[in-house]
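Have a look at the structure below, then the notes.
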2 protein chains.
Amino acid sequence: MELLQTIKKSPLFLTINEETLKDIAKHCRKKKLYKGQELFAAGNNAENFYIILSGWIKLSRISREGEEVIIHVFGHGESFAEAAVFSDKKKYPVYAQSIEDAEVIEIPRSFFIKKIEEDSRFALRLLGSISAHQHYLVQQLEQVTSRTAPQRVGAFLLRFCKKQTESPDGVMVVDLPYDKAIISTRLSIKPETFSRALAKLEPYGVTADKRAITIKSPEALADFCDVDYDEIPCS
Amino acid sequence: MELLQTIKKSPLFLTINEETLKDIAKHCRKKKLYKGQELFAAGNNAENFYIILSGWIKLSRISREGEEVIIHVFGHGESFAEAAVFSDKKKYPVYAQSIEDAEVIEIPRSFFIKKIEEDSRFALRLLGSISAHQHYLVQQLEQVTSRTAPQRVGAFLLRFCKKQTESPDGVMVVDLPYDKAIISTRLSIKPETFSRALAKLEPYGVTADKRAITIKSPEALADFCDVDYDEIPCS
DNA sequence: GCGCCGAGTTGATCCAAATCAAGTGATGTT
DNA sequence: AACATCACTTGATTTGGATCAACTCGGCGC
């Protein structure tokens, strides 16, 4: 049962025993979304938070002029909207939309509060999760404020792209997770700028073939982007 | 006893009874800081979070080139560093420094975890507080990404400055809380740009006299800055 | 095979903010 | 009173990214 497996692996439920996990699985709902479908709108009452079974969900704000700012993009196994659900106003501050066909687990606040009352570890797990989101936002604010477009693109490649291959000499090939237009909006640059920024990384051994990006020198790229090499997943 | 009064008023301890509040006050430490003193550094073990008794504390990151990015500034009665203390790594991700002579209440994580275990409302209060911080970061990311410098300055005047006076015809005078250099760094613009941006708000009825800013038409300013007028404190 | 559409790229130009430099006025020290 | 320092402002110039336009290429439908 895929839902139970995903719950088991979620950091939200670390250290929780199997019986309780099964009980949780019973109280959660699966929800399927097609590409572009809205899960919730900014201002909606925040009754549920979510864990992703498949696909990608983007959280965004939209200005009065219709300009979209992507705050975060979440993928398989990740949770989101916890902060909104436990905020004082209990309203979603952002729009949630699926980038492609997706499936999410919906966890009701009322149910989770009962769990917290039974066992405070649930609260601590939740705090851990929200803290990770907050850390990400701090990083993004720093990136947008003090890094150039090429640095931001390079940091994205190193931090958020799944490795396809990695050879002993350090050369790696990573996959862009979704359309370049989504990536560029997430990095707060325009698609034309994304193209130019990617091209500017060629001196650091970066070449692109559709969604497959080859990085000949990950450490040089990390240095250029002012990214801690130790922070890169699986490096 | 000022410490107890501040704790009483803190949203972290909303609905907690007087006896428990007194007990909490006993387990917390006061800490005095002089202007420019560092409270904690990025990477330090996060053992305590804080509530401010007096003065201002800024949280910032510093790039390899030494450029400072101010993530947030906190003032009287506000709490900070909760997320770091309850994160998985339990390390501060930012530097904390006092902008001027300040005094803070230090709350140990171990003590607070005991409180959570005794009464889950402590966890819910903490979640509310961290959610508010996260909401602020989302707003900042949106501001930096899609608003011009004058819009950001105007939004700051409306949202974060204490009202000195407000007359029946809507004219208000607000005070800048600290140096313009700190404000400009917080808004991710340079001091020269801050000066020019402030001047550009004159058509919206904004005039400055040292730290006192007169806003003849707050609603027009709110409209220009794409700020919800309803969101402005005490409007 | 052809036409259309979407995703992405490239070229030319513009502009908001940064950078660099110099100046002003208030405050603090001697 | 004189001088130094700090906070801030103003002027001139540069620049990274946006904007606007046009193009390329691959996928899809007929």
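A note on names: the letters A, B, ... follow the listed sequences, proteins ahead of strands, and every chain is numbered from 1. Just so it is clear, the structure is predicted and the values come from calculations on it, not from any experiment.
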Taking any heavy-atom pair under 4.0 Å as a contact, classify Ser188(B): base, sugar-phosphate, or nothing. sugar-phosphate
Using atom NZ of Lys210(A) as one end and atom P of dT24(D) as the other, report the distance to the nearest whole Å. 16 Å
Please state how far atom CD in Gln151(A) lies from atom C1' in dG17(D), giving the value in whole angstrom units. 14 Å
Would you call Asp226(A)-Arg64(B) a salt bridge at under 4.0 Å N-O? yes
Identify whether the distance between the nearest side-chain nitrogen and carboxylate oxygen of Lys35(B) and Glu100(B) falls below 4.0 Å. no
For DNA chain C, which nucleotides open and close the run of contacts to chain B, 5' to 3', at under 4.0 angstrom from a non-hydrogen atom? dA17(C) to dA26(C)
List the atom pairs, with distances to 0.1 Å, where a side-chain N or O of residues 187-202 of chain B and a protein N or O form a donor-acceptor pair under 3.5 Å, not counting sequence neighbours.
{"from": "Ser188(B)", "atom 1": "OG", "to": "Thr145(A)", "atom 2": "OG1", "distance (Å)": "3.2"}

His72(A) ring center within less than 6.0 Å of Tyr136(A) ring center: yes
Heavy atoms under 4.0 Å is the rule here; annotate nucleotides 6-15 of chain D 5' to 3' with B where the base is hit, S where only the sugar-phosphate is, and - elsewhere. -SSSBBB---
Does the cation-pi check pass for Arg186(A) over Tyr178(A), that is, NZ or CZ under 6.0 Å from the six-membered ring centre and within 45° of its axis? no
Taking atom NZ of Lys90(B) as the centre, report whether more than 12 heavy atoms of other residues, nucleotides or ligands fall under 6.0 Å from it. yes
Heavy-atom pair with the smallest gap, counting every atom of Arg159(B) and Gln143(B): NH1-NE2, 3.6 Å
Under the criterion side chain to side chain contact (heavy atoms under 4.5 Å, CB included), I'd like the reasoning laid out for Val138(B) against Arg61(A): C-alpha separation, chi angles, the key distance, then a yes or no. CA-CA 9 Å; Val138(B) 165; Arg61(A) 302 260 281 197; 4.1 Å; yes
